[in-house]
Chemist: 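Here it is: the structure, laid out below.
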Amino acid sequence: MSDDLRPDFYTFPPILKACVDFVDGKKVHCCVFKMGFEHDVFVAASLINLYSRFGVLDVAYKVFVDMPVRDVGSWNAMISGFFQNGDAAGALGVLNRMKGEGVKMDTVTVSSILPVCAQSVDIVNGVLIHLYVLKHGLDTDVFVSNALINMYSKFGRLWDAQRVFDHMEVRDLVSWNSIIAAYEQNNDPNTALRFFKGMLLVGIQPDLLTVVSLTSIFGQLSDQRVSRSIHGFVMRRQWIEKDVVIGNALVNMYAKLGDMSCAHTVFDQLPSKDAISWNTLITGYTQNGLASEAIDAYNMMEECINIIPNQGTWVSIIPAYSHVGALQQGMKIHGRLIKNSLYLDVFVATCLIDMYGKCGKLEDAMSLFYEIPRETSVPWNAVISSLGVHGHGEEALQLFKDMLAEDVEADHITFVSLLSACSHSGLVDEGQKCFDIMQKEYGIEPSLKHYGCMVDLLGRAGYLKKAYDLVRNMPVQPDASIWGALLSACRIHGNAELGTLASERILEVDSENVGYYVLLSNIYANTGKWEGVVKVRSLARDRGLRKTPGWSSVVAGSKVEVFYTGNQTHPKYAEIYRELRVLSAKMKNLGYVPDYSFVLQDVEEDEKEQILNSHSERLAIAFGIICTPPRSPIRIFKNLRICGDCHNATKYISRITEREIIVRDSNRFHHFKDGICSCGDYW
DNA sequence: ATAGGGTTAG
């Protein structure tokens with residue numbers, strides 16, 4: 001090799017930058033070392049970057065500390081090295097030492113450190129850096145402005161993000177992607193869409209990341225047609241092969257649209273799946289109410305040895321376990337997480353609190369709550385809601401006070417938890433006060449959920465007129481669940497006139513949901529208007545709707561047994577009915593009188609008693625009595641609300657059998673013990 | 001004269 005072709009200082013940085021293979025990179029490093037170029041600031045920065053990219057941060061750091069002279073580029077390389085390897089604190093530490101040595105930040109420093117501030121939610125530092133940028137005139141740099149937009153977006157400060165965007169003289173693809181993602185991620189899909197159109201208008205072509213935002217935008221807008229065309233666009237460009245991110249975004253989009261069959265198809269066709277692909281699928285199933293599919297998917301994920309479950313996996317699978325009451329499996333996850341301390345993660349812990357609450361283990365929910373950090377509303381909301389479904393309204397209110405005393409800011413979800421807790425305990429005045437505080441002191445506009453809780457609260461307590469007025473004066477259009485709450489209150493209080501009136505509206509809003517036809521026919525049946533029952537039933541039949549079958553499950557040993565109403569095919573069928581007959585006689589001796597108003601069929605009295613005796617919750621309780629040791633507690637799950645007569649009967653059964661009977665229905669918990677229920681017969 | 005360190009994601 002002749003002298004003028006020998007590599008020099010300028011040769012190595014581009015080569016190191018181009019290394020996609022770590023082994024090659026190390027060979028180049030050897031070469032650099034032999035030629036004595038290691039301490040050149042350009043070469044060293046490239047080496048730091050190389051080792052950081054391959055996750056070998058200790059070697060990167062060694063190159064850095066061994067440098068006899070460092071310029072701002074050396075510091076920048078080290079800062080981004082720490083951040084690329086997930087060490088935000090390390091990155092900030094390097095920045096502080098750099099400041100200590102009197103080195104001034106440049107545009108590269110700023111654009112490396114702003115994502116660090118965003119990730120560690122360090123708003124103060126972020127704003128200080130923005131001021132520094134303005135003072136030193138760094139705001140003309142596109143990278144800096146883009147990083148500012150992203151940071152403000154992560155803090156939810158859209159107005160600041162928008163202002164940075166507006167002041168930019170030159171905008172590139174990343175600027176547009178950032179402002180689109182800002183609005184998309186802060187739940188404003190319409191504004192995000194306007195920016196997307198603006199981007200096309202100035203002639204910038206969307207890239208893969210633009211389309212990732214688009215999938216989320218149209219998922220949020222539940223626009224089936226455009227969503228499917230985005231899928232087509234991605235397929236035509238073969239972007240699924242290019243990056244797993246876009247495939248995961250499509251799975252998520254279909255899940256948001258409620259189309260889990262398409263979501264699964266896209267998932268199956270992904271050329272490579274990462275943990276996030278699995279998490280997205282599991283979350284989709286859970287959020288669409290398909291808990292057992294979610295559990296199946298999770299079990300399949302566990303079979304893949306190259307996929308390691310992470311925080312996202314836990315927050316997707318634990319709610320599925322809560323939904324079906326799979327306490328054992330949930331506890332198994334908890335045990336596994338104690339080993340790596342991930343149970344202290346606020347989001348994972350909140351799922352566990354919710355799981356314990358929903359599975360009847362209120363004490364475990366409470367003790368976990370006091371173990372974890374609680375500076376944000378997230379775990380508070382879960383524990384308040386747990387107290388609520390267990391009927392401890394007063395304690396829920398106390399926890400809200402504690403929360404304020406600890407300076408934790410309440411949000412709209414806190415008030416959903418509080419209002420529903422009040423409604424489960426019949427705390428009408430307290431509930432109304434919370435509803436007031438929410439609007440006046442917190443400036444939170446009540447959502448449909450808040451109105452639903454209030455209607456439930458007022459209606460169940462018997463203030464039907466008040467509830468009806470609230471619905472009529474709502475500034476937003478009431479949905480089917482609001483009308484449903486009103487209808488259900490009418491049923492409890494036997495108000496057929498109002499019931500048939502809050503019913504026409506409900507069938508307008510949601511004529512597909514059978515539950516409302518059932519409620520309406522209950523109202524007619526309870527007031528003896530059999531012609532009304534016939535009318536509603538034929539209407540439901542004409543529209544091809546079938547009643548959701550009522551089922552209850554009970555744990556016996558390690559097995560979960562499920563009973564449907566009127567089930568006569570169970571192997572222990574004869575024993576169960578014999579047990580129920582024996583119980584019935586004992587109950588009547590103690591003063592139990594069957595309440596036939598819960599029987600919807602127009603039949604003779606002895607047949608009505610038979611119908612009450614075949615309700616799924618009774619079958620499950622009888623099975624529990626037969627198959628578990630005497631005096632051990634029985635835990636029941638019911639998909640619908642417990643029937644009033646069964647509620648009364650269970651009180652007697654708990655006394656006769658000297659057992660604690662815990663029933664979780666679709667609404668809340670009932671603890672039966674010594675002939676009384678924790679709900680005080682209010683639910 | 002030629003080189004390095006930077007911003008967006010499900």
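Numbers restart at 1 for each chain; the letters A, B, ... are given by sequence-line order, proteins then strands.
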Chemist: Please determine whether a side-chain nitrogen or oxygen atom of A/Gln84 lies at a distance below 4.0 Å from atom OP1 or OP2 of B/dG5.
Modeler: no
Chemist: Counting side-chain heavy atoms from C-beta on, which of B/dA3, B/dT7, B/dA9 comes nearest to A/Leu209?
Modeler: B/dA9
Chemist: Of the candidate nucleotides B/dG6, B/dA3, B/dT8, which contains the atom at the shortest distance from the side chain of A/Phe9?
Modeler: B/dA3
Chemist: Once hydrogens and angles are ignored, does a donor-acceptor distance under 3.5 Å link the base of B/dG5 to the side chain of A/Asp71?
Modeler: no
Chemist: Among the candidates B/dG4, B/dT8, B/dG6, find the nucleotide nearest to the side-chain atoms of A/Ser80.
Modeler: B/dG6
Chemist: Out of B/dT7, B/dG5, B/dA3, which nucleotide sits closest to the side chain of A/Phe42?
Modeler: B/dA3
Chemist: Which one, B/dG5, B/dG4, B/dA9, comes nearest to the side chain of A/Val41?
Modeler: B/dG4
Chemist: Choose from B/dT7, B/dG4, B/dG6 the nucleotide whose nearest atom is closest to any side-chain atom of A/Thr107.
Modeler: B/dG6
Chemist: Nearest to the A/Tyr10 side chain among B/dG4, B/dT8, B/dT2, which nucleotide is it?
Modeler: B/dT2
Chemist: If only side-chain N and O atoms of A/Asn49 are considered, is one of them under 4.0 Å from the OP1 or OP2 phosphate oxygen of B/dG5?
Modeler: yes
Chemist: Counting only side-chain N and O atoms of A/Lys154, is one of them less than 4.0 Å from OP1 or OP2 of B/dA9?
Modeler: yes
Chemist: Side-chain donor or acceptor of A/Asp106 under 3.5 Å from a matching atom on the base of B/dG5?
Modeler: yes
Chemist: According to salt bridge (charged side-chain N to carboxylate O under 4.0 Å, His left out), who are the partners of A/Arg374, at least two apart in sequence or on a separate chain?
Modeler: A/Glu406
Chemist: Can you tell me whether the side chain of A/Ser46 and the base of B/dG4 have a donor-acceptor pair closer than 3.5 Å?
Modeler: no
Chemist: Whether A/Asn177 contacts B/dT7 is assessed here as follows: a side-chain N or O lying under 4.0 Å from the phosphate OP1 or OP2. Is that the case?
Modeler: no
Chemist: CZ of A/Arg171 versus P of B/dT7: gap in Å, rounded?
Modeler: 21 Å
